[in-house]
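This report concerns only the one structure given below.
In this text, all values refer to a predicted model and were calculated from it rather than measured experimentally. Note: hydrogens, waters and symmetry copies are ignored here, and every other heavy atom, side chains too, is used.
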Amino acid sequence: MSTKQEVTQSTEQKLSHQLSMQIMEVGQTILELESTYHDSFSRQMREKIQRAKEILDELANDCMTELTSERMKNWQKERLQEKEKLKFTRKKDAWEILSPQQEEEYKARVTRRMHQGFGR
């Protein structure tokens with residue numbers, strides 16, 4: 001009998017977390033829309049978004065898990081982290097990390113070869 005209760009409780013916790021994650025995603029989207037397009041919205045739309053923000057705040061305080069609530073409220077930090085993951089990085093070539101002295105020697109060598117001709 002206790003196993004059945006444990007399964008039911010763990011299922012409820014998973015659903016709660018899953019629902020909390022979904023609410024967080026919706027909340028982040030609404031907060032981002034409000035922040036980005038605030039000046040483009042009509043007065044009525046701003047009022048609706050404000051009401052949605054109030055509802056989300058209530059949900060965050062009363063129903064959502066603490067982690068997802070914080071993530072939703074800090075949506076800008078979350079978006080920056082996502083952008084950082086998408087940034088292109090590459091390994092620098094050897095000539096890009098030369099010291100100033102090595103760079104001068106390299107330039108002198110290339111210039112000397114240009115005067116001599118590369119084909120020789």
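- Looking at Arg51, Arg43, Gln50 one by one, the single match for side chain to side chain donor-acceptor pair (under 3.5 Å) with Glu47 turns out to be Arg43.
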field: Residues Gln22, Val26; criterion side chain to side chain contact (heavy atoms under 4.5 Å, CB included); working and verdict
entry: CA-CA 6 Å; Gln22 291 170 341; Val26 170; 5.7 Å; no
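- Here the CG atom belonging to Asn61 is positioned 4.5 Å from the CG atom belonging to Asp57, to the nearest 0.5 angstrom.
- In this view, Glu105 satisfies the salt bridge (charged side-chain N to carboxylate O under 4.0 Å, His left out) rule with no residue, not counting sequence neighbours.
- Linking Ile, Leu, Val, Met, Phe, Trp and Tyr residues whenever their side-chain heavy atoms come within less than 4.5 Å leaves Ile23 and Leu67 in two separate clusters.
- Considering Lys73, Lys53, Gln76 as possible partners of Leu31, the one that fulfils the side-chain contact (heavy atoms from CB on, under 4.5 Å) test is Lys53.
- For the atom pair NZ of Lys91 and CD1 of Ile97, the computed distance is 8.5 Å after rounding to the nearest 0.5 Å.
- Contact record, Phe41 with Ile49: CE1-CD1, 3.1 Å, taken as the closest heavy-atom pair.
- To the nearest 0.5 angstrom, Arg109 atom CZ is 9.5 Å from Gln102 atom CD.
- Atoms CG and NZ, from Leu98 and Lys107 in turn, are 10.0 Å apart once rounded to the nearest 0.5 Å.
- For Gln28 against Trp75, the heavy-atom pair with the smallest separation is CG-CB, 3.5 Å.
- Minimum heavy-atom separation, Ile30 to Ala52: CD1-CB, 4.1 Å.
- Distance CD/Glu25 to OG1/Thr68: 10.5 Å, rounded to 0.5 Å.
- With a 6.0 Å radius and a threshold of 12 heavy atoms from other residues, nucleotides or ligands, Glu54 has its CD atom above the threshold.
- Of the residues listed (Met72, Met64, Arg71), the one engaging Ser20 in a side-chain contact (heavy atoms from CB on, under 4.5 Å) is Met64, and it is the only one.
- No more than 12 heavy-atom neighbours from other residues, nucleotides or ligands sit within 6.0 angstrom of OH on Tyr37.
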